[in-house]
Trainee: 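One structure follows; several queries about it will come next.
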Amino acid sequence: MVLLAVFVWTSRHRRISVDSGTRQVMGTLARIEVVASDRTKAVSAIQEAFDIIARLESLMSDYDPNSQLSYVNDRAFLETVPVDDSVFDVLAAAKEYSRLSEGAFDITIGPVVQLWRQSRKTGLAPSPDALAVAKAAVGWQDLILDPENKTVRFAKQGMRLDLGGIAKGYAVDQAIESLRQSGLLGGLVDIGGNIRTFGTPARNAPHWQIGLQDPRDEQSLLMVLILDDKAVATSGDYRRFAVIDGQRFSHIINPQTAQSAQALSSVTIIAPTAMQADALSTIVTILEEAKGLALIDSDEGIEAVIVKEGKLIKSRNVEKYLKTR
Ligand code: AMP
Ligand code: MG
């Protein structure tokens, strides 16, 4: 009798954790972990979420000459270009972040990013002349968005958009939304360190836990975060440094100087959504710790962990996310 009761309870409350393993998307590695009442449901929900990510990549990649973003980059100075709702949402959010950060975040940084990408291959810094020409085409105020018709226009010639600082976060949020819609009990989506969780943690753990890698030592963890129904992102990625003329350069550019932002080793942001965490990690890398932390501390729901010259700098309430052992 007792045994039977236990069986009924477990079958009603059966929880299966399924891990997708890593897959190559958006120029990086992604992983989805879900908790569901049955395996078939879990596997098809994971596939649906990856399909959404692949669709967003095909719209927003600036590497893919056939993406909608590449079409916008080629045409938007010549004509008004209608875009997919998701692309419009990201462009509108990016402009908000430009306003909030007083121009530190700027998706029109494309021409400057392209020059630095070439440098990464050649090992030589771009010439000041080339940088000046590229910088002249940058300016988020000249990106004209029409929310009614969902169209984009460039008011400056040579403008090119680069969504590398925000699109992964947006894709994580959309994938999480899709997992929720599939009726799963819980899940985690990670696209290149842009992570968000919801609901029941995997493998019967009491919480979703995320280990933060030490930027100078991949083998060790700086700390473990308890991250239920929250997002986290890290910028200033040590794996994406390039050595140019013997100096280290990051892939994040300060639009004011057209030079790479390299004062901070890494910036981790905890936020309600992955897009917020993604954009803000890029922003704080550029603003550096004083201005960056002032911005983070002005928002209740957002926290930061910065590594600078081997030292840890934390925002006001980060402790509430730390796992205490
Ligand atoms: P993340 O890894 O999220 O910090 O994003 C870095 C990427 O954002 C770069 O590889 C560029 O594609 C893009 N990016 C670089 N500088 C900026 C900037 N100032 N504002 C917005 N996006 C940027
Ligand atoms: Mg970012």
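Worth knowing before you read on, the calculation uses all heavy atoms, side chains too, and leaves out hydrogens, waters and symmetry mates. All ligand and atom numbering here is 1-based and tracks the order in the structure. Computed from a prediction, not measured in an experiment: that's the story for all the values here.
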Trainee: Who gets closest to atom 19 (N) of ligand 1 by heavy atom: L280, I253, D106, V284?
Mentor: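 Considering heavy atoms of L280, I253, D106, V284, the nearest to atom 19 (N) of ligand 1 sits in I253.
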Trainee: I'd like to check whether S235 has a polar contact with ligand 1, where a contact means an N/O of the residue lying under 3.5 Å from an N/O of the ligand.
Mentor: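 Yes - when backbone and side-chain N and O of S235 are compared with those of ligand 1, one distance drops under 3.5 Å.
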Trainee: Could you walk me through whether T108 and D106 pass side-chain hydrogen bond (donor to acceptor under 3.5 Å, both in side chains), step by step?
Mentor: CA-CA 5 Å; T108 71; D106 191 337; 2.6 Å; yes
Trainee: Taking S260 for its side chain and I253 for its backbone only, find out whether a donor-acceptor pair lies under 3.5 Å.
Mentor: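 The answer is no, because no donor-acceptor pair under 3.5 Å joins these two groups.
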Trainee: Can a donor-acceptor pair be found, under 3.5 Å and without considering hydrogens, that links the side chain of S61 to the backbone of S58?
Mentor: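 Not a single qualifying donor-acceptor pair exists.
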Trainee: What part of T285, side chain from CB on, backbone N/CA/C/O, both or neither, has a heavy atom under 4.0 Å from ligand 1?
Mentor: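 Neither part.
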Trainee: Check for a donor-acceptor pair, side chain of E57 on one end and backbone N or O of M26 on the other, with a separation under 3.5 Å.
Mentor: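 Judged by distance alone, yes, a pair lies under 3.5 Å.
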Trainee: Could you tell me whether some N/O pair between H251 and ligand 1 is separated by less than 3.5 angstrom?
Mentor: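 Yes; at least one N/O pair falls below 3.5 Å.
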Trainee: When you compare ligand 1 with G165, is there at least one nitrogen or oxygen pair between them that comes in under 3.5 angstrom?
Mentor: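 Yes, G165 has an N/O under 3.5 Å of an N/O on ligand 1.
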Trainee: At a 4.0 Å threshold, what atoms of ligand 1 neighbour a non-hydrogen atom of P255?
Mentor: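 So the answer, numbered in order with elements, is 19 (N).
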Trainee: When you compare ligand 1 with D278, is there at least one nitrogen or oxygen pair between them that comes in under 3.5 angstrom?
Mentor: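 For ligand 1, there is an N or O atom that lies under 3.5 Å from one belonging to D278.
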Trainee: Which of the numbered atoms in ligand 1 are below 4.0 angstrom from a heavy atom of T282?
Mentor: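 Counting from 1, the qualifying ligand atoms are 1 (P), 3 (O), 4 (O), 5 (O).
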Trainee: Could you check whether any heavy atom of A104 sits closer than 4.0 Å to an atom of ligand 1, since that is the contact criterion I want to use?
Mentor: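 It does, in that a heavy atom of A104 comes within the 4.0 Å cut-off of ligand 1.
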Trainee: Under 3.5 Å, is there a donor-acceptor pair between the side chain of D214 and the main chain of L222?
Mentor: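 Judged by distance alone, no pair lies under 3.5 Å.
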Trainee: Can you name the side-chain contact (heavy atoms from CB on, under 4.5 Å) partners of Q219, sequence neighbours left out?
Mentor: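 If we apply the side-chain contact (heavy atoms from CB on, under 4.5 Å) test to Q219, skipping adjacent residues, the hits are D217.
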Trainee: Indicate, as side chain, backbone, both or neither, the part of I252 found under 4.0 angstrom from ligand 1 when only non-hydrogen atoms are considered.
Mentor: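 Both parts.
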Trainee: Looking only at atom types and distance, does a side-chain atom of S101 sit under 3.5 Å from a main-chain N or O of F105, one as donor and one as acceptor?
Mentor: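 Judged by distance alone, yes, a pair lies under 3.5 Å.
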